[in-house]
Amino acid sequence: MAAETTWTLGTDQKVRVLTNLANTLNCCGRVVEAVELWDEALSEHPNFGMAMGNKGLALYWYARYAGTGQEQALLMRTSYSTLVAALRAGVEPHARAQMEDLVAHLRSRAGWDEVEVPLHPFQRGRSKQERRYRRWCVQHRAVLSSINDVELGAEALQDTLTLPSITVPVDEATALMPRPYAIFNQLKQEYASARYLVFDALCEKGDKLHFADKGVVLFDALDYRFYRSWIEKLKMAFLALHAIFDKIAYLVNEYWRVGLEPKRVSFASVWRSADRASSGLSAKFAASSNWPLRGLYWLSRDFHLKPVGEGSVDPEAKVLNEIRNHIAHKYLRVHDHFLYDAEGDRARNGDELGYAVSDQELEHHVMKLLKLARSGLIGLSCAVVHEEAEVKMRLGDEGIFPMVLPVLEDQFRL
């Protein structure tokens, strides 16, 4: 009998696959996810020039959409240092000229080797738990700020992401805050709350049985299933994060005036023509040069569309959809990953009523949704930045009257 051959993906091949996937995501407008993949490749191979070089190019374009001067400066400085390191490490001949040109351009703008970009201090928190939470958010790239895409060592970063100034026709102006800002406020708050639920659940995971779980009479199904409040927190966070994407679609429908009826709006449908007879892209998007908006469209293709599987590009899309459906409408069974084969259960028994996952699978998918939601919110803000820049180029400064929106201070939240 011939000996079995075990194939493994070599480190160099893995780095190239990660780099090429990051390159593709970046071309689609999904720069946030691309940067993380380039960083993963560089953690395996710190001197891989093409990963560094492509990351440097992307950060320069990303800086154009950053909300503050500090964020722009930090992204551009990181772009410069990453490109210089890439050229030193060596890149493929076809890419060298573009990288050298951008390095020369950046040098003409500032002496980046001497430029200091201090991070504005943000309160780490008085309690040990809050400080732990702030560090966890930064380390997992869960802060709503472009700074978190290049800075993972800070003790705390603030969720500074907002929509830019929006131009509203005079005949539509009111004394109230324009609706896109109100929607975005809600999206940020829901994201922040779901993020904390995830953190709190993972902290509770290693603790003793929570007092809220004590005295709840249950029967033992002998299948090593979790009946714990931290599991329920992960489920609630999963549903809240999944819901953010359809709410992003509502804002897209409102801001870009797509014209879909509210009951027809979803993250999958908002890109399509309002004409039910047409299945093509809406004219609002078909010819758009808006790079971050294109990223939002391709992010929508990471989800499980109907009919089953149509258009989905993420191999885990079906699992995400099943988990959401079973949490919301049926029931999700979460088992200990050491003691129970949840994947085998799914293969044997299907998923008509109960859907089996391991605790590790649920944690993985919740963290994935957390990152995708952050990518979606940053992409949404960047897409509006792009759109408003085009509006101002068409209109000029004449006839535009500013309206100041005050920031809601923490102490004045109701």
Side-chain angles (χ1 to χ4, degrees), residues 36 39-40 43 122-144 148 151-159 189-244 316 319-320 322-324 326-328 331-346 354-375:
E36 185 166 7
D39 285 345
E40 184 179 347
S43 71
F122 181 62
Q123 183 178 350
R124 296 169 53 206
R126 296 181 180 180
S127 70
K128 181 179 179 180
Q129 185 73 343
E130 183 179 352
R131 292 194 295 271
R132 182 181 176 187
Y133 169 65
R134 301 290 177 196
R135 286 195 301 271
W136 180 87
C137 290
V138 173
Q139 291 164 1
H140 287 84
R141 300 180 192 245
V143 181
L144 292 176
N148 200 192
E151 178 56 68
L152 298 176
E155 287 293 311
L157 293 174
Q158 192 172 5
D159 294 307
Q189 184 60 55
E190 290 179 10
Y191 173 86
S193 300
R195 178 180 64 190
Y196 180 74
L197 265 181
V198 176
F199 167 79
D200 192 41
L202 297 181
C203 287
E204 187 185 321
K205 178 179 179 179
D207 293 343
K208 295 180 180 178
L209 188 69
H210 194 278
F211 64 80
D213 293 326
K214 294 179 180 179
V216 180
V217 178
L218 303 169
F219 291 113
D220 190 348
L222 302 176
D223 58 0
Y224 306 103
R225 195 182 309 183
F226 279 99
Y227 296 107
R228 295 282 299 274
S229 61
W230 69 267
I231 288 289
E232 301 310 314
K233 288 176 184 177
L234 285 183
K235 291 181 184 178
M236 288 187 283
F238 188 100
L239 287 180
L241 290 166
H242 205 288
I244 283 175
E316 293 183 330
V319 177
L320 287 174
E322 292 292 355
I323 291 174
R324 187 197 71 81
H326 281 79
I327 293 175
Y331 82 102
L332 188 76
R333 296 185 281 115
V334 184
H335 302 267
D336 186 286
H337 66 279
F338 278 122
L339 302 174
Y340 193 85
D341 180 13
E343 186 176 359
D345 183 303
R346 296 196 295 270
Y355 192 80
V357 297
S358 71
D359 55 317
Q360 285 188 337
E361 286 178 309
L362 180 59
E363 182 178 334
H364 163 75
H365 290 301
V366 169
M367 290 302 298
K368 177 175 180 174
L369 271 184
L370 186 68
K371 290 178 179 292
L372 289 177
R374 176 179 181 267
S375 176

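Distance alone, capped at 3.5 Å, is enough to place a donor-acceptor pair between the Ser193 side chain and the Gln189 backbone. One N or O on the side chain of Asn148 and one on the backbone of Val143 form a donor-acceptor pair closer than 3.5 Å.
Here the rule is salt bridge (charged side-chain N to carboxylate O under 4.0 Å, His left out) with Asp200, and of Lys233, Lys205, Arg132, Arg195 only Lys233 fits it. Of the listed residues (Arg346, His326, Arg225), just one forms a side chain to side chain contact (heavy atoms under 4.5 Å, CB included) with Arg333, and that residue is Arg225.
With a 6.0 Å radius and a threshold of 12 heavy atoms from other residues, nucleotides or ligands, Tyr331 has its OH atom above the threshold. No more than 12 heavy atoms of other residues, nucleotides or ligands shown are found within 6.0 angstrom of OH on Tyr224. Within a 6.0 Å sphere centred on CD of Glu343, other residues, nucleotides and ligands contribute 12 heavy atoms or fewer.
Expressed to the nearest 0.5 Å, how far CG of Asp359 lies from CD of Glu361 amounts to 9.0 Å. Atom-to-atom distance recorded for Phe238:CZ and Ile327:CD1 is 5.5 Å, nearest 0.5 angstrom. Note that NE2 of His365 and CZ of Arg324 are 14.5 Å apart. Values are rounded to the nearest 0.5 Å. Atom CH2 of residue Trp230 and atom SG of residue Cys203 lie 12.0 Å apart, to the nearest 0.5 angstrom. Here CG of Leu152 is found 9.0 Å from CG of Leu157. Values are rounded to the nearest 0.5 Å. Taken from CG in Leu239 to CE in Met236, the straight-line distance is 9.5 Å, to the nearest 0.5 Å.
Across all their heavy atoms, Ala342 and Ser358 have their closest contact at CB-N, 3.6 Å. Closest non-hydrogen pair, Ala142 versus Tyr191, comes out as O-OH, 2.8 Å. Nearest heavy atom pair, residue Arg228 against residue Leu209, reads CD-CD1, 3.3 Å. Here the closest heavy-atom approach between residue Ser229 and residue Asp213 is recorded as N-OD2, 2.9 Å. The two atoms that bring Ile231 and Phe226 nearest to each other are CG1-CB, 3.7 Å, heavy atoms only. The nearest pair of heavy atoms linking Arg141 to Arg374 is O-CD, 2.9 Å.
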Give the intermediate values and the outcome of side-chain contact (heavy atoms from CB on, under 4.5 Å) for residues Asp220 and Tyr227. CA-CA 10 Å; Asp220 190 348; Tyr227 296 107; over 6 Å; no
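Between Leu372 and Lys368, some side-chain heavy-atom pair lies under the 4.5 Å cut-off. With contacts defined as side-chain heavy-atom distances shorter than 4.5 Å, the pair Met367/Leu370 qualifies. Two residues are said to be in side-chain contact when any heavy atoms from C-beta on lie closer than 4.5 Å; Leu234 and Val334 fail this criterion. Residues Leu202 and Trp136 form a side-chain contact, since some pair of their non-hydrogen atoms from C-beta on lies under 4.5 Å apart.
A donor atom on one side chain and an acceptor atom on the other are not found under 3.5 Å apart for Asp223 and Tyr340.
Listed by chain and number, the residues in a side chain to side chain contact (heavy atoms under 4.5 Å, CB included) with Arg131 are Arg124, Lys128, Arg135 (sequence neighbours excluded). For Lys235, the salt bridge (charged side-chain N to carboxylate O under 4.0 Å, His left out) criterion is met by Glu232, not counting sequence neighbours.
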